[in-house]
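Working notes, structure below.
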Amino acid sequence: MKRLDLIFSERELDEMLKCLEKAEVPGYTVMKHVTGRGPERVVSEDMEFTGLGANAHVIVFCQEEILERIKNSVQPILNYYGGVAYISEANPL
Amino acid sequence: MKRLDLIFSERELDEMLKCLEKAEVPGYTVMKHVTGRGPERVVSEDMEFTGLGANAHVIVFCQEEILERIKNSVQPILNYYGGVAYISEANPL
Amino acid sequence: MKRLDLIFSERELDEMLKCLEKAEVPGYTVMKHVTGRGPERVVSEDMEFTGLGANAHVIVFCQEEILERIKNSVQPILNYYGGVAYISEANPL
Amino acid sequence: MNTSLILQNVLTPPVLFFFLGGLAVFLKSDLEIPSPLPKLFSLYLLLAIGFKGGLELHQSGFDGPVIPTILAAIIMSLLIPLICFFILRIKLNVFNSAAIAAAYGSISAVTFITAESFLYSQNIPFDGFMVAALAIMESPAIIVGLLLVKIAAPKERPAERVMKWREILHESMLNGSVYLLLGSLLIGFLTGAFNPSGVEKMQPFTGNLFYGVECFFLLDMGIVAAQRLPSLKKAGSFLIGFAVAMPLFNALIGVLVARALDLGPGNALLFVVLCASASYLAVPTAMRMTVPEAKSSYYISTTLGLTFPFNIVIGIPVYMGLVNRLIPATA
Amino acid sequence: MNTSLILQNVLTPPVLFFFLGGLAVFLKSDLEIPSPLPKLFSLYLLLAIGFKGGLELHQSGFDGPVIPTILAAIIMSLLIPLICFFILRIKLNVFNSAAIAAAYGSISAVTFITAESFLYSQNIPFDGFMVAALAIMESPAIIVGLLLVKIAAPKERPAERVMKWREILHESMLNGSVYLLLGSLLIGFLTGAFNPSGVEKMQPFTGNLFYGVECFFLLDMGIVAAQRLPSLKKAGSFLIGFAVAMPLFNALIGVLVARALDLGPGNALLFVVLCASASYLAVPTAMRMTVPEAKSSYYISTTLGLTFPFNIVIGIPVYMGLVNRLIPATA
Amino acid sequence: MNTSLILQNVLTPPVLFFFLGGLAVFLKSDLEIPSPLPKLFSLYLLLAIGFKGGLELHQSGFDGPVIPTILAAIIMSLLIPLICFFILRIKLNVFNSAAIAAAYGSISAVTFITAESFLYSQNIPFDGFMVAALAIMESPAIIVGLLLVKIAAPKERPAERVMKWREILHESMLNGSVYLLLGSLLIGFLTGAFNPSGVEKMQPFTGNLFYGVECFFLLDMGIVAAQRLPSLKKAGSFLIGFAVAMPLFNALIGVLVARALDLGPGNALLFVVLCASASYLAVPTAMRMTVPEAKSSYYISTTLGLTFPFNIVIGIPVYMGLVNRLIPATA
Ligand SMILES: Nc1ncnc2c1ncn2[C@@H]1O[C@H](COP(=O)(O)O)[C@@H](O)[C@H]1O
Ligand SMILES: Nc1ncnc2c1ncn2[C@@H]1O[C@H](COP(=O)(O)O)[C@@H](O)[C@H]1O
Ligand SMILES: Nc1ncnc2c1ncn2[C@@H]1O[C@H](COP(=O)(O)O)[C@@H](O)[C@H]1O
Ligand code: NA
Ligand code: NA
Ligand code: NA
């Protein structure tokens, strides 16, 4: 099985989760209030109160074939708003 | 070495950590206030105040042989209360 | 590509990020308010208010060659203050 | 008459802020009160209700209607879950039925507070000892719920999950919100008895601030309740009907008991609200731990998504109408 | 005379706490107000400003200068972004220009509050209805900003990103902070009209506590503003100049409009502050969602890193001096 | 007599809430005050103590006992760590000894507040300038602790870790809680001097609310302290003994100095409490950064797990008894 790590701005979280649901992932895990730096932006904790929010880190454990579907819908969001997506191997305990 | 990711309800955290300690893990890392969706439940941030809590995400880096011990004690908890556990490869920097 | 997971006390976060920047990582993600147990210390949430803080979990996705540079600067900090660093495989979605 | 009472209730700040929160969800505003701020308000409200209740319990003493009312409250919180359980069993399994039954036998502190605010705005007096009834109704309902599971579903559970008395008592008495409420009640009582200067110094915090924090919390509760509605729809029409009809039925029993107890209209309304309200703090937490077989979305979406808003907005003035009709105002 | 006003402004608790926060960053103290505590203060301040404003709007009614002032405020929040846009286009692309322009057309509630505190300490009266102007100036500027993007940059955007009216209105009216402010204003108004006892019971929370929370929040704002300074330096001297000169220019237009409206010195100062201040809550959030092409560090570091401190510390007393000179005190 | 004082102290809301928190841990209740809410209370208390202290310092001026008391406080916070260090070296290494010594030389603001509340409830007057002593005792103890490491352990540290004066001063003066306390003290002083209307408007926040927030925070401190007890057991009987005997010893020195300073009983108690209490905010943070070789569980479990509860519950009334015996009430 695969593990997908998505990191992007919290403000796109709802849209992103809809993509995941459409791709019929078996489940997902969300960590909010995440900060970081990417090629374009620095996201820092002290700005959260403005509503700009922080990043979200979403983890999905799923079969490889689902990844294809996710890729098609998630990639445009990441390209437009920024954020990263990485895949690694993972197996159930 | 191996990396184990456990995701389950915060309310089982103490029980889970006891299992890990019994299996003599060298250490663990806990992220609370995690939300998500599994096959059965949606866990959302706005319900945290009720005391139902959110999920916890626990990471353990350990030798493969420890995983066997963890499996035996952790699996029943996950089966009964829900939650997921995945293993991947990881090596010290 | 590689994924690096760094876990250490929040109080060393600035120093650590400076090391990463020096090593010219393409980006990083920070999760604060993380707790855990290592060989030496238990870090628990209820002590955060004292200013001792919790742990930080930093994730870096980068090319292997950058890891070498990170290692040299990060290792001494981890040795002195505690904390762990693990590498695994990861590929862009 | 009732519609005028409903309007008077709706036009108070707490209910208006509740609407503002709910509306935010329907309009898809990104208004959000991030965790753990709602917990702060919730802890504050429990601490303040308990403390004030303890003070007033000290002032009123245990004479007159105090002991009978509290006893009646305990009986109601044992009885209501049983009734609910048998109704729910028509459609649901033992686990779900027991969990929801326990929630409806227990109480909602915020509904209680809102009823108090309503009485204030109507200039109807009531007694502080009613908070003792509030504090004491949480645990028995949990115990009944867990006993129902223990008795009715022993074979459906794996051996290691057989419920122990110790666990039942622990979950029912030491649940965070029950514990804080009871503890603050006791501290209020002791402070009233031994440290009058402390009473005065607590007043700006537990007294003056209360109404505003209540409004703020109800803003959040509006958001939370509205977000539960979709899963309520999934739960089906049986549970939707239950979540409205049951409070009304419980209120009716409540008002008859209040009449038998000879309570004044203010205390009677509070008693009725205790019967009619359902718990979304102590009971769900306890059930999640001890009856994980029950679907949490069932007991959360009914209590929080429908019964709570119903009571806050329509229930309280309707129950007041009921009290006015059935209880002579001279009591 | 202005230096004495500046000194009097600087020696009030809100401004002193703002300095304390900024200094903490420069001295590298580890003082920190962790998230989501600043959000708590920010939500509280919006709720309380709105509620108080609604109350006072109910008291004052819609006679006299109320409607003209609000209309003038709307016009200013449509006009200022246009002026800003054309100035910014000298150096910046459409997206960045539109986003920054929208921020300067909109308002900063905390700057407004600080101006109110300043008026209090100077014993200069002002009217509650100015809060309505505050609440109403947020949305138009956002709409203008988004329209500018829609008109000026249609070809630079991928097809699926063409902006729809629905989206523009949603972002401008239902943004969390705009929504809470407007909603609380309405609730304050309704409470004033229908529930006088509720007014009194809200006072300790929305009234008495206000000044202290303002100070606490400004402590955090000092930290946040100082942390934005490095990225302001990166943004270059054009934006640095803009962040100081634009508020002064907008204040000048504002004072002339206030004079035309025949506002008293208190209301005039508040009107000027609305024109001169720039938004760092509603607008950046809306822009982040709808114009992700704009660099957020640009509109954040200018509004929060420079214009906000400038207004809080020097702007308010300078504008007061301007008002005193241009508006006869008998108005 | 002392037992009656202890009882009177125990039956005040702050101490009762502290017990409630501790008991929650022993009974395994799931009551929890999630992070960062305790930080909110802690920041609030520091800000409010500082502000009020600054105000009263402005009123009292620097005449009479003010300067001598502050000087004596500084001397105590230099002396006590030295005594502690030599006692601790019997069993512990240089790093642990220095870190614990610094903690006991420094102060606990919440213990100080609880002592003030105790004096209030006993109707014993005291002066606001004691807060200045409180604020000023944090840094010297940290400096002594770091100097002890610098002097006593230069060879045990890697070359790049040799401590620099700059670092020592930074950690001792710019630590978040020290900085906020000193800063608020200064702001209080300036506000008292230049902005009397600001004083009045801060009062509901920094004054009236204080006692309630103190109680809420002590509820959390009860939980935190009780959770430290297991690691205290691991730390061994030497440290357990130290955590009770040292405060008593320091109190004894303190009362003699207070007598020499001719302080009244109220001020004397506060002075003694400053000597007897140990820091769990500023010092642990500073030590974690600069002396990571010291085991944090040692300095945390002693100060927070034992010395703090001991002082809050038993210490304060015992010290009061001591003061009453050794200092003539006419002072
Ligand atoms: N190489 C990376 N490793 C880890 N996290 C990253 C990396 N690049 C970007 N991120 C995360 O993705 C977020 C969005 O990046 P951006 O593409 O700059 O909008 C950043 O704030 C980081 O949290
Ligand atoms: N496939 C998955 N990928 C990532 N997280 C998951 C997945 N399935 C479940 N989870 C997490 O595990 C939690 C508990 O799942 P459940 O088994 O539904 O109780 C969920 O709330 C998610 O956070
Ligand atoms: N084997 C491990 N697996 C996961 N996390 C660990 C492990 N060892 C240490 N940690 C994390 O690293 C932090 C610092 O460890 P320490 O080396 O004890 O200072 C701990 O608090 C844990 O969060
Ligand atoms: Na009930
Ligand atoms: Na403006
Ligand atoms: Na001391």
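Residue numbering restarts at 1 for every chain, and letters A, B, ... go by the order of the sequence lines. Because the structure is predicted, anything quoted here is derived from the model rather than measured.
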Max heavy-atom pair count under 4.5 Å with chain C, selected residue of F:Gln227, F:Arg288, F:Glu32, F:Lys295:
F:Arg288
Quick one: are F:Leu37 and C:Phe49 in side-chain contact, heavy atoms under 4.5 Å?
no
Interface residues of residues 212-223 of chain F facing chain C - non-hydrogen atoms under 4.5 Å apart
F:Phe217, F:Asp220, F:Met221
How would you list, by chain and number, every residue that makes a side chain to side chain contact (heavy atoms under 4.5 Å, CB included) with F:Ala101, sequence neighbours excluded?
F:Pro81, F:Cys84, F:Phe85, F:Leu88
Is it the backbone or the side chain of F:Pro36 that comes under 4.5 Å from a heavy atom of chain C, or both, or neither?
neither
Nearest 0.5 angstrom please: F:Ser42 OG to C:Glu48 CD, how far?
12.0 Å
Would you mind reporting whether F:Met289 and C:Glu12 have side-chain heavy atoms less than 4.5 Å apart?
yes
Check each atom of C:Arg11 against the heavy atoms of chain F and say whether the ones under 4.5 Å are side chain, backbone, both or neither.
both
Is a side-chain donor or acceptor of F:Thr285 paired with a backbone partner of C:Thr50 at a separation under 3.5 angstrom?
yes
Distance-minimising heavy-atom pair for F:Arg228 and C:Ser44:
NH2-OG, 3.4 Å
Structural part of F:Leu40 lying under 4.5 Å from a heavy atom of chain C:
neither
Does any heavy atom of chain C fall under 4.5 Å from the side chain of F:Ser35, the backbone, both, or neither of them?
both
Does a sphere of radius 6.0 Å around CD in C:Glu65 hold more than 12 heavy atoms from other residues, nucleotides or ligands, not counting ones at 6.0 Å or beyond?
yes
Region of F:Leu304 that comes under 4.5 Å of a non-hydrogen atom in chain C
side chain
Treating C:Tyr80 as the side-chain partner and F:Glu293 as the backbone partner, does any N or O pair qualify as donor plus acceptor under 3.5 Å?
no
